[in-house]
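Here the structure is laid out as structure tokens; the discussion comes afterwards.
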Amino acid sequence: MNVRIGPGASEEEASAIATALAEYVGDQVQVYVGEADEPTATVSPPETTDEDGTPVEEGGPETTGAAEELGPTEREERLLEEIEEIYEGGHEKYKVQLPDEGKLFVRDRIDLWFDGDDSSFLFEDGRFAEFDADDRLPADALITGAATFDDRDLHFMANDYTVKRGSMAAKGVEKFLRMQQRALKTGQPVLYLMDSSGGRIDQQTGFFANRQGIGKYYYNHSMLSGRVPQICVLYGPCIAGAAYTPVFADFTIMVEGMSAMAIASPRMVQMVTGEDITMQELGGATVHARESGSADLVAKDEEHARELVAQLITYLPDNADETPPMTETKPPAHPPKGIDSIIPQEPNRGYDMVDLIDRVVDEGSYFELRPEYGQEIITAYARIDGRPVGIVANQPAHRAGAIFPDAAEKAAEFIWKSDAFNIPLLYLCDTPGFMAGSQVEKDAILEKGKKMIYATSSATVPKQTVIVRKAYGAGIYAMGGPAYDPESVIGLPSGEIAIMGPEAAINAVYARKLSEVDDPDERAEMEAELRAEYREDIDIHRMASEVVIDEIVPPSSLRDELAARFAFYEGIEKSLPSKKHGTIL
């Protein structure tokens, strides 16, 4: 390093300056006085020694010269090797089995989810869990951390099935609990990528019944419920305790032929009941999509599961304090002018309600949940003029749109979730009411119907109800009728509101009078006249005249009408009576 100072400096001053600078920069310094061509003082840096006084050569580990390029030490390289070992997961013999089961190694799965233009892996917690154990278990079979997924920050967990079949033990449980508790603080969604055989039975001491043990999972699930969206994707057989995370989650996706969940394994079922059954027969995707209703969606493979979640989160806010994300509006897939032609003139003739929905919502935005369960009611997210809405619609193409117990429960849960995350509700009513009969009574039609009515009553998001055709019996109560504090009840010209349909009503009220008419033709004529009179009483025009409903709109303008009303009532403040909570579950 060369330094030039003023011409008046003495040799001693030049030497002092050179000495100070050499010690400071750790390099040789030459000091020139005035215009001199030769240096007045040349000083090298002082020799350094280690703790025992041995000289350390220049460029050794203690040298911090500014010109020197530093790199990883042996200590850091050992750490990097340890991390690489953890990333390898379990024994190779378990990894080679994964392709035969159609699934990815967990680290590759994480890359699939979080390696993209709008997604990135941010960090991992607890990577060294069980690293110093005698039987080293990489990450204790559970990876937790944070990531960005389609421009949304979230917490995630993922089981490593190559380590003890993804089973849960003390360290993994601790990681899982910390992740949940941090989600409560951050208000960010949680993604569960499940592939676990349940609790590690041979290591249950210290994690099963403890205050901070596996039981705390479900307490935290309950605290997170309605606070942030919890989304679970199943990649394998989730048994016993592991099976509760999917059912506690707000939305559960199973993968066809791969996923399963059950309270006990087939082996345990056989021991307890003697039943010989496969895992897929016991709790596969088909079982939970069609029979139990525990699966919201079924994916074809791992990539499809990611696509479904990517679409789902576009309707959801990060937490209950925020509103759902808006997008640019798109015209519907089919023109609204065709709506009235879809609705049959005959009140009892079936049709597909999705054909009507396609003429109301933005193209490509229709996203149905639980499509194979309780099919007489549609529960779906969509957008109208770019605004997310939750649709609860009767489906006349299935069971004439009558409400059965499974459909009532499905609708109730959908309404609760939508209300929790501030998604406005659209009811499309065309139902003869709740189904009657001995079997539905055994299946708890009253209990489950009560849940649907309760959910509709308690929802404080903006609600719009459309009387598409039939609104009979208590069906209009469950479907957001005038008594249930909707922002609007609008009717289409095909609409009817009544305790029951004309056929049932005439038979109930005039059965004796009709039986007294002997002539069949005369009796049929009388019955037709009575039905016509009854139909006039329940016609939507009568309901509008008596201000039971707010408006009758031309079907071709239904989309515009709904868009205007949802926009106008956005942010409306509605409250419930002061109480701890309701008593209906």
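For D537 against R542, the heavy-atom pair with the smallest separation is OD1-NH1, 3.3 Å. Annotation for V389 and I423: closest pair C-CG2, 3.7 Å, computed over non-hydrogen atoms. Of all heavy-atom pairs spanning N348 and R469, the tightest one is N-NH1, 4.3 Å. Shown here for A299 and I253, the closest heavy-atom pair between the two residues is CB-CG2, 4.1 Å. Closest heavy-atom contact between I538 and M543: CA-CE, 3.8 Å.
Using a 30° and 60° split on the angle between ring planes, Y218 and F248 fall in the parallel class, below 30°.
Other residues, nucleotides and ligands contribute more than 12 heavy atoms inside 6.0 Å of the CD atom of E303. For F149, the CZ atom counts as densely surrounded, since its 6.0 Å shell holds more than 12 non-hydrogen atoms of other residues, nucleotides or ligands. Within a 6.0 Å radius of CG in D321, other residues, nucleotides and ligands contribute more than 12 heavy atoms. A 6.0 Å sphere centred on NZ of K574 holds more than 12 heavy atoms belonging to other residues, nucleotides or ligands. Within a 6.0 Å radius of CD in E328, other residues, nucleotides and ligands contribute 12 heavy atoms or fewer. The environment of I499 atom CD1 is sparse: at most 12 non-hydrogen atoms of other residues, nucleotides or ligands sit within 6.0 angstrom. Around atom NZ of K579, more than 12 heavy atoms belonging to other residues, nucleotides or ligands sit under 6.0 Å away.
At a threshold of 4.5 Å between non-hydrogen side-chain atoms, the residues H541 and I552 count as touching.
Listed by chain and residue number, E322, P324, F421 satisfy the side-chain contact (heavy atoms from CB on, under 4.5 Å) test with P317 (two or more places apart in sequence, or in another chain). Taking the side-chain contact (heavy atoms from CB on, under 4.5 Å) definition, one finds that A397 meets it with Q395, sequence neighbours left out. For S557, the side-chain contact (heavy atoms from CB on, under 4.5 Å) test picks out V553, P554, with sequence neighbours left out.
With respect to the salt-bridge test (charged N to carboxylate O, under 4.0 angstrom), the residues R383 and D362 do not qualify. Salt bridge present: D150 and R306 bring a charged side-chain N and a carboxylate O closer than 4.0 Å. Between E372 and R290, at least one side-chain nitrogen of the basic residue sits less than 4.0 Å from a carboxylate oxygen of the acidic one, meeting the salt-bridge criterion.
A donor-acceptor pair under 3.5 Å is formed between the side chain of K410 and the backbone N or O of I377. For the pair T148 (side chain) and S119 (backbone), a donor-acceptor distance under 3.5 Å is absent. Side chain of T245 to backbone of A242: no donor-acceptor contact under 3.5 angstrom is found. The main-chain N or O of I490 is never found under 3.5 Å from a side-chain atom of D550 such that the two would form a donor-acceptor pair.
Here the straight-line distance linking atom OG1 of T323 with atom CG of N422 works out to 7.5 Å at 0.5 Å rounding.
When each of K451, R370, K448 is tested with E413 by the rule salt bridge (Lys or Arg N to Asp or Glu O under 4.0 Å), just one qualifies, namely R370. With respect to I378, the side chain to side chain contact (heavy atoms under 4.5 Å, CB included) criterion is satisfied by exactly one of N394, L369, I357: I357.
Residues Y192 and H221 place their aromatic rings such that the two centres sit under 6.0 Å apart.
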Could you check D250 against K417 for salt bridge (Lys or Arg N to Asp or Glu O under 4.0 Å), going step by step and ending with a plain yes or no? CA-CA 7 Å; D250 298 306; K417 292 174 192 177; 6.0 Å; no
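Figure legend: cation-pi geometry between K463 and Y484 absent, as NZ or CZ is not positioned both under 6.0 Å from the six-membered ring centre and within 45° of its axis.
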